[in-house]
Amino acid sequence: RWLAPAIRGEQIASIAITEPDAGSDVAGITTTARRFGDEYVVNGRKTFITNGARCHWALVVTKSERERGHAGYNLLVIEKGTPGFEVSRTLKKLGMHSSDTAELVFEDCHVPATNLIGEEGDGFKNLMWELQGERMITAAGAIAGATRVFEYTMEYAKNRQAFGQAIASFQVIKHKLVDMGTKIASAQAFVYQTAKQWDQGEYPVREISQAKLVATQVACEVADDAIQILGGHGYMREFPVERAWRDARLARIGAGTDEIMKEIIAKSYGL
Ligand SMILES: Cc1cc2nc3c(=O)[nH]c(=O)nc-3n(C[C@H](O)[C@H](O)[C@H](O)COP(=O)(O)OP(=O)(O)OC[C@H]3O[C@@H](n4cnc5c(N)ncnc54)[C@H](O)[C@@H]3O)c2cc1C
């Protein structure tokens, strides 16, 4: 009903976890979904929701009660046009301009119980599982973006002349390019290795967190180095690297910040 049209590109989905007072601290969300017979009544606010304005439906993370903790979580599909579901505003942001980012409000929003995804009360566990996949995709996307920036920058450096020679022939630029390529290659190998574990049915939470952490940091470093190598051109909208620099930055925040990745990794080491 929802997934197939989304995969076919006929419907746009969004996932609504974050709230004005609870981002990293998912256990602190206060959006409630109280069950009355064959429906839930949802109340709460969500923010920073990608495609929140243009989506056809949102997968909304709710709790049966407002108390902290991992119990009583339910994931509900709430379709646009459902009375009580409003987009209160779209937000202006640094990068990622091809998607909108919105605030959503739910006020006595009646949702059929058949819109529940997974078993009742299993929402937290299911959400954490979903986030592993999202982090893998974020890591892979970061490497893909960094590779594109690296290739572009390499080409630019070979062609740009200064002091009568290509800037790529200056050792400092050459070494910067080597560092960029080396960082990408090592992060990519780790992302691939982790994706293979995931494909083989493992649940490698530590490695997924490490892959997201390292790949997104590499993407930011590569984009920053690219601007430096392009000089003034790198800072201009006419050249693609300033966009890469703005877009790459999100991946160190979305789907779990660098710091949250480190907390998860630390826990996996028993720290
Ligand atoms: C463009 C964009 C798109 C987004 N899309 C979505 C979306 O589609 N759906 C959705 O649900 N959310 C989305 N988000 C929200 C995103 O997931 C959150 O911004 C992110 O999880 C961080 O939450 P926060 O912004 O509330 O920061 P906070 O949780 O307030 O954190 C602030 C700072 O404190 C640090 N911090 C917090 N807790 C700890 C801790 N325990 N230890 C150490 N440091 C800590 C954080 O790492 C961060 O540096 C999006 C955000 C952006 C910017």
Side-chain angles (χ1 to χ4, degrees), residues 2 6 11-33 42 44-63 68-70 73-78 80 85-106 117 123-124 126-139 141-142 145 205-206 208-210 212-217 219-220 223 243-269 271:
W2 297 297
Q11 291 192 0
I12 296 174
S14 69
I15 180 160
I17 311 166
T18 307
E19 299 185 356
D21 294 320
S24 305
D25 183 12
V26 178
I29 67 160
T30 57
T31 295
T32 53
V42 179
R45 304 177 82 84
K46 298 288 179 181
T47 193
F48 302 152
I49 307 308
T50 300
N51 290 328
R54 75 184 79 174
C55 69
H56 293 84
W57 52 268
L59 182 70
V60 183
V61 180
T62 68
K63 279 162 104 168
R68 280 190 64 81
H70 302 161
Y73 275 74
N74 285 315
L75 309 181
L76 296 176
V77 171
I78 308 185
K80 276 282 174 61
F85 174 10
E86 299 293 336
V87 177
S88 51
R89 64 179 180 132
T90 52
L91 301 158
K92 295 200 174 109
K93 58 192 180 202
L94 177 70
M96 290 292 185
H97 293 154
S98 55
S99 67
D100 69 74
T101 304
E103 283 185 1
L104 312 179
V105 178
F106 302 93
I117 301 296
F124 197 85
N126 292 336
L127 177 63
M128 289 306 130
W129 181 85
E130 183 280 333
L131 280 171
Q132 302 311 317
E134 194 174 333
R135 287 169 189 158
M136 275 288 18
I137 291 167
T138 305
V205 173
R206 177 197 292 166
I208 289 171
S209 310
Q210 289 173 324
K212 184 195 182 268
L213 179 68
V214 74
T216 59
Q217 287 185 348
C220 287
R243 176 183 169 182
W245 186 81
R246 289 183 288 109
D247 287 352
R249 194 62 184 82
L250 172 62
R252 292 181 53 198
I253 298 168
T257 62
D258 283 6
E259 292 75 17
I260 293 302
M261 292 307 100
K262 288 183 186 179
E263 285 300 302
I264 295 169
I265 297 161
K267 202 168 153 195
S268 80
Y269 287 130
L271 295 170

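All values below were derived from every heavy atom in this structure, side-chain atoms included, with hydrogens, water molecules and symmetry-related copies excluded. Whatever order the structure lists ligands and atoms in, that order sets their numbers, starting from 1.
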What protein heavy atom sits nearest [atom], and how far off is it?
atom	value
atom 42 (N) of ligand 1	E263 CG, 3.9 Å
atom 46 (C) of ligand 1	T257 OG1, 3.7 Å
atom 15 (C) of ligand 1	T18 OG1, 3.2 Å
atom 13 (C) of ligand 1	F48 O, 3.0 Å
atom 24 (P) of ligand 1	G23 CA, 3.9 Å
atom 41 (N) of ligand 1	I260 CD1, 4.0 Å
atom 2 (C) of ligand 1	L250 CD1, 3.4 Å

Contact bool for [atom] (protein heavy atom, d < 4.0 Å):
atom	result
atom 49 (O) of ligand 1	yes
atom 6 (C) of ligand 1	yes
atom 11 (O) of ligand 1	yes
atom 33 (C) of ligand 1	no

Quick look: I17 vs ligand 1, heavy-atom contacts under 4.0 Å, and the answer is both
Check T32, N74, L76 against V42 for a side chain to side chain contact (heavy atoms under 4.5 Å, CB included) and give me the one that passes.
L76
Decide yes or no on side chain to side chain donor-acceptor pair (under 3.5 Å) for Q11 and W57, but give the supporting numbers first.
CA-CA 8 Å; Q11 291 192 0; W57 52 268; 3.0 Å; yes
Closest approach of [X] and [Y], non-hydrogen atoms and distance?
X	Y	answer
A215	A139	CB-O, 3.6 Å
V87	A102	CG1-CB, 3.9 Å
R243	S98	NH2-OG, 4.2 Å
R206	S268	NE-OG, 2.8 Å

Would the distance check show the side chain of K212 and the main-chain N or O of T138 forming a donor-acceptor pair, the cut-off being under 3.5 Å?
no
Any side-chain heavy-atom pair of L131 and I208 under 4.5 Å:
no
Is the shortest N/O to N/O distance between T101 and ligand 1 below 3.5 Å?
no
Which of the numbered atoms in ligand 1 are under 4.0 angstrom from any heavy atom belonging to T50?
3 (C), 4 (C), 5 (N), 6 (C), 7 (C), 8 (O)
Could you tell me which atoms of ligand 1, counted from 1 in the order shown, lie closer than 4.0 angstrom to a heavy atom of I49?
7 (C), 8 (O), 9 (N), 10 (C), 11 (O)
Kindly assign one of parallel, tilted or perpendicular to the pair Y73 and F124, based on the angle between their ring planes and the thresholds 30° and 60°.
perpendicular
NZ/K267: more than 12 non-hydrogen atoms of other groups inside 6.0 Å:
no
Of [options], which has the heavy atom at the shortest distance from [atom]?
atom	options	answer
atom 21 (O) of ligand 1	I253, I15, T47	I253
atom 45 (C) of ligand 1	E259, K93, E134, R252	E259
atom 23 (O) of ligand 1	S24, G256, A58, A266	S24

To the nearest 0.5 Å, how far apart are CD in E259 and CD1 in I253?
9.0 Å
